[in-house]
Amino acid sequence: MTRQLLTTYQSQYYAWQLTRRAASDSIESLASTLVDSQVDLNPHQVEAALFACRNPLSRGVILADEVGLGKTIEAGLVISQRWAERRRKILIIVPANLRKQWHQELQDKFGLQGLILEARNYNTLRKAGHRNPFLNPQGPVICSYQFAKSKAEDIKAIDWDLVVMDEAHRLRNVYKPSNVIARTIKDALAHVHAKVLLTATPLQNSLLELYGLVSMIDDRVFGDVDSFRAQFSLAHREHAFQSLRARIGPVCKRTLRRQVQQYVPYTARRAIVQEFTPSTEERELSGLVADYLRRPDLKALPDSQRQLISLVLWKLLASSTHAIAGALETMARRLQAVLDEMPALPELAEALDEDYEALDETAEEWRENDEQDASSTRHDRQALAREVEELRHFKDLATSIRHNAKGMALLTALGRAFAELDRLGAARKAIIFTESKRTQEYLLSLLVDTPYGDGIVLFNGTNSDARAQVIYKDWLKRHEGSDRITGSKTADIRAALVEHFKERGTVMIATEAGAEGINLQFCSLVINYDLPWNPQRIEQRIGRCHRYGQKFDVVVVNFVDRSNEADARVYELLAQKFQLFEGVFGASDEVLGAIGSGVDFERRIAEIYQNCRDPDEIRASFEQLQLDLSGEINEAMVKTRQILLENFDEEVQEKLRMRAADSLAALNRYERMLMDLTRAELDGFATFGQEGFTLLRKPGPNLQEIELGAYELPRRSGDAHLYRLEHPLAQWVLQQAKSRDLPPAHLTFDYAAYGTQLSTLKAYQGQRGWLKVILLSVAALGTEEQHLVVAACTQDGACLADDDPEKLLRLPAVASSLEADGTVEEAASQSLEADLETRKQRLLREINQRNLGYFEQELEKLDAWADDLKLGLEQEIKDLDAEIKEVRRTAAISVTLEEKLSWQKKQRELEGKRSRLRRELFDRQDEVEAQRNDLISQLEVQLKQQIKEHKVFDAGWALV
């Protein structure tokens, strides 16, 4: 049966419903974002996004879900919502190694084209005349913490609509003067009224960390550090816990993995260890290079980067003889250039970065000074020549080794792992991670003549090899005319390689930098050919496959050289202490949180390799590292975090169950409205089917950006253009419907044609009457929300109750001229206007009541803040009282006159200071009170409603 088209009146009503600004605490406020996004609907993520948007007076929130629950998606929903509201100054600050992942997630799941801002393109933009490169009208700006700190003045100059900070636990010590990055960023963002902090571990070792994180959002939740200590340092007292929990409740939300297993099913991880023994030649090379790297005075490494580049060389040495050979040749060439007195020395870090692609990001994480140290040019020529000769010798030895024992072990490991995949029923697909592009080439040559050879895909930071280009050209041809092609060559090549791996590939060999931000839940075998020393990097690798949507257990293969004490110890620590490779959830929050960003841990391991030679020394160093790590995981603080941040499972699960139902209903309703509206507005221009429609010709002029062809809503097959509310064609449809000037008309609704029972309307069959639709805009608390108010009455003046008028507008209808049907009776007119006014007033009361709740929440916060500051002032006097008492006691027991006089002088000084403080206390308390009252006055002004009313249409109606 052909569906009846909407009348122009219903079209305009639907268009306003789809574009109106809904209340910030309602699921409708996110509905358009949910329609537009390519994400499955997980209720805990919708709940978190609503929590972040709920109170317009709030200056931000901490989203503290456990690892693996998709905090990026939660923040993405908030970002998309702001973008849809045309609030588009959005900044995302993340660890350097997560920038690409964020960029990819925003593009794939939310259709937002972010800009990763770093030194190179920042300088390019400045040279091109952009005064502040952080202003990007095309999409959100993404940068690292280090870069944000270095460009704090640029950030401070922009009135941001939203700032998101990922892995925000690195800011938790902002109250300490030593945390320069956190303090600088806090100062730069002090004026921002909407901040979202993401961290699985908001509280690790001290309650003061919670104080620090909350102060990043809003300085007025707690007073100063001293008053916080005074109130909560004895937080084992129950009332102190309850008070602290109540204070942080409005700004911090945490959901646990066990609470959402009904919605997010998890598979397990299974570990396979592949042991290998290096050849005599490989051991000789390793020994020579290790001894070289441990020397105190090396000419080849710039002093300012020695620690960082040594780490890279240790990693390349463990990767393959091909990787270390290339690095040694690079170093020899650089030293030779010094000997030859070449004017411009090649940049060693840049040259190494071409192979070890993670070097650039590692450097930023380590915050090394990346200027070359020119002192190497002043070393004596004989020493330089000797070192060049040594490096060439090492390189020749590395080049002469044709087969690597670890490479041979890979062939065995693939057989074992694929057999395990067969047992699990999973597809035979493997991703092999290496830290070196040269090793990647070696692995390609190793596997190309094996049964896996035809299905190999290389994936790295450039993707410029011949294989990648062939795959890319084929992909472009297959997806010509669809939204799969973004126009960004880098992003499109990545998408092409992933799709090729999914549909035709067997083995993907990927570098660290290349594999950031890709989702491979169709693959369930991760092979760590080179094992990073940073546990968070390992977690990210495994997370490419072990993620939401994975249907099988994920097999993780690691290589261990048992003859190398340090290598064996590293694996043992990562496997047992961090539990990275087995179990359902991978690394625990406790451990990952304890090591912060993982960089210090990586540095500690590098120091062991650098400084320890014999097995006993290595064993002792790793035991100390493990002991230090255990000390950082404080069981008392784990319990404290549970009490302060976690809600009862039953309470959370019930809330999520309701949120799931509400979200799905809203999503279905909005999708249905959008497609019904589109069908009506594109009648004659498109053909419609179950999944979407095909645009046959353009509906108007000046629509060059709109392409012909198949369209479908997100989360369908993905082979057509994605039809979103933000799509230019949808925007045209909405504008067409909203811009019509609709004269009063008669609408005849067909109850039977709707196909579903609406029992409350059935009583009105055979009756006629009048209806009116207005758009009510209410501005208060710095935001505006819009509501469609519909009133309807019968010809004899009986009003339709509750939401019956809205239900009426859902029914199939035919519009006709009003003249033939006469004019509205006065009784009916009065009844209609009275009902419309009643509905308006009820709505305004609800909005006012809700806003009053937000106002009172802020009032409570300000009162507590003012009390904290007063407590802090009083605490200073108490501390002085205690100090004076101690001085008196010391003076009393002094044995000489000089000592007594000295202590009494000290006592007089302290008493004078106490007297001054007591006088100041009243002044400062008055100051705090004045500040609080000033803030309340500002809030009261914002609370006043500004109301605008727009008539959408009037119509007569009949229900047949």
Side-chain angles (χ1 to χ4, degrees), residues 1-20 31-38 80 84 110-111 476-487 666-742 745 747-750 753-756 809-816 952-953:
M1 186 177 77
T2 308
R3 292 183 68 170
Q4 191 171 325
L5 298 178
L6 300 176
T7 63
T8 52
Y9 294 81
Q10 290 166 301
S11 281
Q12 189 162 113
Y13 174 72
Y14 277 27
W16 278 114
Q17 280 284 24
L18 286 164
T19 57
R20 72 186 178 89
S32 60
T33 295
L34 295 173
V35 168
D36 274 9
S37 65
Q38 281 281 71
S80 289
F110 301 99
L476 283 175
K477 198 180 295 178
R478 283 188 294 118
H479 293 293
E480 190 176 0
S482 85
D483 281 1
R484 290 282 183 94
I485 300 170
T486 67
L667 181 63
N668 290 340
R669 187 167 70 252
Y670 270 63
E671 286 187 345
R672 192 168 57 245
M673 279 196 290
L674 177 59
M675 292 311 289
D676 285 349
L677 174 62
T678 304
R679 184 182 277 107
E681 295 298 330
L682 293 183
D683 185 32
F685 298 96
T687 57
F688 285 78
Q690 284 293 104
E691 290 296 312
F693 61 92
T694 302
L695 188 66
L696 305 172
R697 55 197 182 92
K698 294 183 182 181
N702 306 319
L703 298 176
Q704 290 84 353
E705 60 188 323
I706 294 173
E707 296 184 51
L708 302 180
Y711 284 81
E712 59 186 21
L713 291 169
R715 296 174 306 284
R716 302 304 196 270
S717 72
D719 289 327
H721 299 294
L722 292 184
Y723 190 57
R724 310 167 182 260
L725 279 165
E726 288 290 318
H727 191 283
L729 181 57
Q731 289 293 304
W732 181 88
V733 162
L734 291 161
Q735 188 53 35
Q736 282 290 109
K738 283 165 69 174
S739 61
R740 289 193 188 101
D741 187 14
L742 297 175
L747 300 175
T748 304
F749 297 103
D750 188 342
Y754 186 63
T756 304
L809 287 169
R810 286 188 229 155
L811 301 178
V814 175
S816 59
V952 180
F953 62 81

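Position 1 is the first residue of the sequence, and the numbers go up from there. What you see is a predicted model; the values in this text were computed from it and never measured.
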Visitor: Hey, could you give me the NZ/CG distance between K698 and L708, rounded to the nearest 0.5 Å?
Guide: 6.0 Å
Visitor: Determine whether L5 and R679 make a side-chain contact, defined as any pair of heavy atoms from C-beta on separated by less than 4.5 Å.
Guide: yes
Visitor: Can you check whether Y754 reaches R810 side chain to side chain, under 4.5 Å on heavy atoms?
Guide: yes
Visitor: Can you tell me how far apart CD (Q12) and CG (L6) are? Round to the nearest 0.5 Å.
Guide: 12.5 Å
Visitor: Roughly how far apart are L682 CG and F693 CZ, rounded to 0.5 Å?
Guide: 6.0 Å
Visitor: So, taking the atom named CG in L729 and the one named CG in L703, what distance separates them when rounded to the nearest 0.5 Å?
Guide: 8.0 Å
Visitor: Which residue in the set M675, R724, E691 passes side chain to side chain contact (heavy atoms under 4.5 Å, CB included) when paired with L713?
Guide: M675
Visitor: For W732, is there any backbone N or O sitting under 3.5 Å from a side-chain donor or acceptor partner on Q735?
Guide: no
Visitor: Taking ring-ring contact (aromatic ring centres under 6.0 Å, His included) as the criterion, tell me which of F953, W16, Y14, F749 meets it with Y9.
Guide: F953
Visitor: Would you say the side-chain atoms of Q10 pair up with the backbone N or O of L811, donor to acceptor, closer than 3.5 Å?
Guide: yes
Visitor: Between Y670 and L18, is any pair of side-chain heavy atoms under 4.5 Å apart?
Guide: yes
Visitor: What heavy-atom pair brings V35 and P714 nearest, and what distance separates the two atoms?
Guide: O-CG, 3.4 Å
Visitor: Over all heavy atoms of both residues, which pair between T33 and S80 is shortest? Give the atoms and the distance, please.
Guide: CG2-CB, 3.4 Å
Visitor: Atom CD of E671 and atom CG of L725: how far apart are they, to the nearest 0.5 Å?
Guide: 9.5 Å
Visitor: Taking C-beta and beyond as the side chain, do L695 and Y723 meet within less than 4.5 Å on heavy atoms?
Guide: no
Visitor: Taking all non-hydrogen atoms of both residues, which atom of S11 and which atom of A680 are closest, and how far apart?
Guide: OG-CB, 3.7 Å
Visitor: Taking atom types as modelled, find out whether T678 and Y711 have a side-chain donor-acceptor pair closer than 3.5 angstrom.
Guide: no
Visitor: When rounded to the nearest 0.5 angstrom, what distance separates OG in S32 from CE in M673?
Guide: 10.5 Å
Visitor: Would you name the heavy atoms of T19 and A15 that are closest together and state the gap between them?
Guide: OG1-O, 2.8 Å
